[in-house]
Protein chains: 4
Amino acid sequence: MNVKSETRHKIIRTASDLFYEKGYNLIGINEIIEESGIAKATLYSHFRSKEELLLAYLDEKDQELLKNIRAFCSSKSTGDAQLIAVLEFLIPFFEQEDFNGCWCIRSIAEVPRENVKVRTKIKSNKQAFRQFVLELVQSNKPELGESQQQQLSNQLYLLYEGALMESHLQGAAWPIETSIGLLKDKLQGK
Amino acid sequence: MNVKSETRHKIIRTASDLFYEKGYNLIGINEIIEESGIAKATLYSHFRSKEELLLAYLDEKDQELLKNIRAFCSSKSTGDAQLIAVLEFLIPFFEQEDFNGCWCIRSIAEVPRENVKVRTKIKSNKQAFRQFVLELVQSNKPELGESQQQQLSNQLYLLYEGALMESHLQGAAWPIETSIGLLKDKLQGK
Amino acid sequence: MNVKSETRHKIIRTASDLFYEKGYNLIGINEIIEESGIAKATLYSHFRSKEELLLAYLDEKDQELLKNIRAFCSSKSTGDAQLIAVLEFLIPFFEQEDFNGCWCIRSIAEVPRENVKVRTKIKSNKQAFRQFVLELVQSNKPELGESQQQQLSNQLYLLYEGALMESHLQGAAWPIETSIGLLKDKLQGK
Amino acid sequence: MNVKSETRHKIIRTASDLFYEKGYNLIGINEIIEESGIAKATLYSHFRSKEELLLAYLDEKDQELLKNIRAFCSSKSTGDAQLIAVLEFLIPFFEQEDFNGCWCIRSIAEVPRENVKVRTKIKSNKQAFRQFVLELVQSNKPELGESQQQQLSNQLYLLYEGALMESHLQGAAWPIETSIGLLKDKLQGK
DNA sequence: AATGAATGAGCGTTCATTCAT
DNA sequence: CATGAATGAACGCTCATTCAT
């Protein structure tokens, strides 16, 4: 990795941590450069604007998440266990010291409606996640019809999102457990 | 209602509309006073700070919501229908022209973690809503034990929150339908 | 004059002096507020942008100029003397300690071509000056036909502008004398 | 021409075009290197500072102008025609697509008074032009005394400068025609 | 009770220039 | 001889809040 990429990535990492911890609008460029130990103009030679940093942050976070949840689910035995794993994944996720909810949900509350770039980015991130869930359903529920797979996938996605958000809001793990309970009922009941 | 209260409420209404539409940090005091047609110092004679306005906005919104959803559920026949109504309520809610998701979720992303006042307010709002759901379950599912009532109530609350957030994020009603589907399965399956 | 207008005018005066002495792009907002002894936000409550200050400066300068040159020419006996006075006016003007050429010419070099507002302002200022010269010619040369008045007016304007600019560029009064000489030849030769 | 000079001249050409079109302060070093296709440090190995580029630009422009106007005037028959040619030269000059007035006048508005180097350069450019005009007068008006030659030369210079500036400011050719008219009157009237 | 002019701290961004390679 | 990543200082501008009236 060359010098430029290293600096660039250091900036993204710093910005990610700060944005995720404090929120996009509450973190100024000055805090980012101070934490990164770089000059302001250096930051702006790597990113055209603060908004571009936000996009990079959303990318970084989502790629890491997808990688981790894929690994987590793969480690479970195939079948219902892999579907339940999607929600179980949230338990260690929630327990991380720096857990602060969903970056997409939090970011979308911080940018104006007109900001198409950011909102498109967030939607495509969520779309990628839904695609992952759908494929997981297809792999583990091959016996279901396409429409039923789609429906189950949507339900699983919804339970994931609700559990993620509420565990953050309540500062407690019970929403994750509740989601898991609902899913298990669903899977066994049919 | 005296003059003071009238002015005060006009400010709250204006601020509520603007905060909900654009977001707390993206609306400045100037926009609020301009829209309200009052002087800056008048605003500060009614509210000590912008934060106090935020608290009033969260209060206003939640009181209205609780009133509406209570009325909506009461209009349904007792039993499962009233529980399902909690989620069905979201359909006209989502279809409102100015629908912009959950004010609590959006606001919590905009204030720093240290802001105890706002975060406490939001939690107590959500707590009140959970209490409403719990009481609705208790009324309509008297045959269940307390623990089962609590559990069902949590599930219903979770489905409500997930559907609300996701219908906003996706800009579509399907998450509401999916939630309703999940609930119906649950109610019938047992 | 109320408080607001006083502050406003103090800002314009300060900005005018600084812009005229150093140039628009070389003077920062910070220098203007420091010299004015006001806060930055105060300036921005009176002027939306630095560009608006530039427009006010161009206005201020031109109004003063027109007032002064009108008074100067009126003080001369009617006839050729009033026309020659247009150029003679430049002598004390040039000798002013803070003389720094034509603010319009200098400003137009400092704003991008796309800046329609400023360029329109400058053109309309110059147009007003040409109108003044034309009316002076009409008053003092009523025997000439309209077309000849127009032509003479253009020539006088051109000599004025050339003398003003070159006396500044050369740092000497000879261009003014040369212009006066040319005009006198012209007036006597016919 | 060796490699170094080639690069150097490419930079000057690019900078000249950009400075003349947009203005010295409105063009950044980055635009120059991007347009030139060279690296930033390469530019700084050829020119100590942006100011040195400005000096080279003023040089380049003036040398080209003197060469062109000399050729233009030489092409006319000797006598008054060559003097009038000085002003007639402005017509095709004005009509050039990239015409943007006098680089000296525009540049002097962009550098601080203290900048002796640039101001000296501009004055010496203008002095060289005045010398050219004087020699043209001496060649074509040998019958005049030295003082009268000097005076006529100054008048011609003034008309040239006024016409150049005003044709730019007004975006019209009439100031050139007016100048020519004044000059012809002058030459014929005596 | 209500005003609106004034504030200080901070914002995101750009600049000409330098230095290690 | 040429590079491009990095810099510190300054830019124009906005914010929530206060104070004299």
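Letters A, B, ... are given to chains in the order of the sequence lines, protein chains preceding strands, and every chain is numbered from 1.
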Check every atom of [options] against the side chain of [X] and return the nucleotide holding the closest atom.
| X | options | answer |
| --- | --- | --- |
| D:Tyr44 | E:dT7, E:dT17, E:dT14 | E:dT17 |
| D:Lys50 | E:dT17, F:dG8, F:dT3 | E:dT17 |
| B:Ala41 | F:dT17, F:dC19, F:dA6 | F:dC19 |
| A:Ala39 | F:dG4, E:dC11, F:dG8 | F:dG8 |
| A:Ile29 | E:dG4, E:dG12, F:dG12 | E:dG12 |
| A:Ile38 | E:dC11, F:dT7, E:dT7 | F:dT7 |

Pairing partner (Watson-Crick or G-U wobble, both distances under 3.5 angstrom) of F:dT21: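 Because both required distances fall under 3.5 Å, F:dT21 counts as paired with E:dA2.
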
Pairing partner (Watson-Crick or G-U wobble, both distances under 3.5 angstrom) of F:dT14: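 Matched F:dT14 with E:dA9 under the 3.5 Å cut-off.
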
Check this for me: D:Glu34, atom CD, are more than 12 non-hydrogen atoms of other residues, nucleotides or ligands nearer than 6.0 Å?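 No, not enclosed.
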
So what does C:Asn30 hit on the nucleic acid, given a heavy-atom distance under 4.0 Å: a base, only sugar-phosphate, or nothing?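 Contact class for C:Asn30: sugar-phosphate only.
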
Under 4.0 Å between any heavy atoms, over every strand shown, what does B:Ile27 touch: base, sugar-phosphate, or nothing? Just pick one.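 Counting heavy atoms under 4.0 Å across all strands, the contact made by B:Ile27 is with sugar-phosphate only.
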
Ignoring hydrogens and angles, does a donor from either the side chain of A:Lys40 or the base of E:dT13 sit under 3.5 Å from an acceptor on the other?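 Under the 3.5 Å cut-off, the side chain and the base do form a donor-acceptor pair.
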
Side chain to side chain contact (heavy atoms under 4.5 Å, CB included) assessment of A:Leu26 paired with B:Asn25: CA-CA 9 Å; A:Leu26 298 174; B:Asn25 284 322; 4.3 Å; yes

Whether B:His46 contacts E:dA2 is assessed here as follows: a side-chain N or O lying under 4.0 Å from the phosphate OP1 or OP2. Is that the case?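 Checking B:His46 against E:dA2: at least one side-chain N or O falls below 4.0 Å of OP1 or OP2.
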
Are OP1 or OP2 of F:dA6 and a side-chain N or O of A:Thr7 less than 4.0 angstrom apart?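 Yes.
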
I need the minimum non-hydrogen distance between C:Asn100 and C:Glu21, along with the two atoms involved.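 Of all heavy-atom pairs spanning C:Asn100 and C:Glu21, the closest is ND2-O, 3.0 Å.
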
Taking for each residue the nucleotide of DNA chain E with the nearest heavy atom, is it A:Asn25 or C:Thr42 whose nucleotide lies nearer the 5' end?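 Result: C:Thr42.
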
Could you tell me if the side chain of C:Leu53 sits less than 4.5 Å from the side chain of C:Leu43, heavy atoms only?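 Answer yes - side chains close enough.
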
Is it true that A:Asp59 and A:Lys121 make a salt bridge, defined as a side-chain N closer than 4.0 Å to a carboxylate O?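 A salt bridge is present here (some side-chain N lies under 4.0 Å from a carboxylate O).
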
Please report the distance, rounded to the nearest Å, between CD1 in B:Ile11 and C1' in E:dT3.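 To the nearest whole Å, that distance equals 13 Å.
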
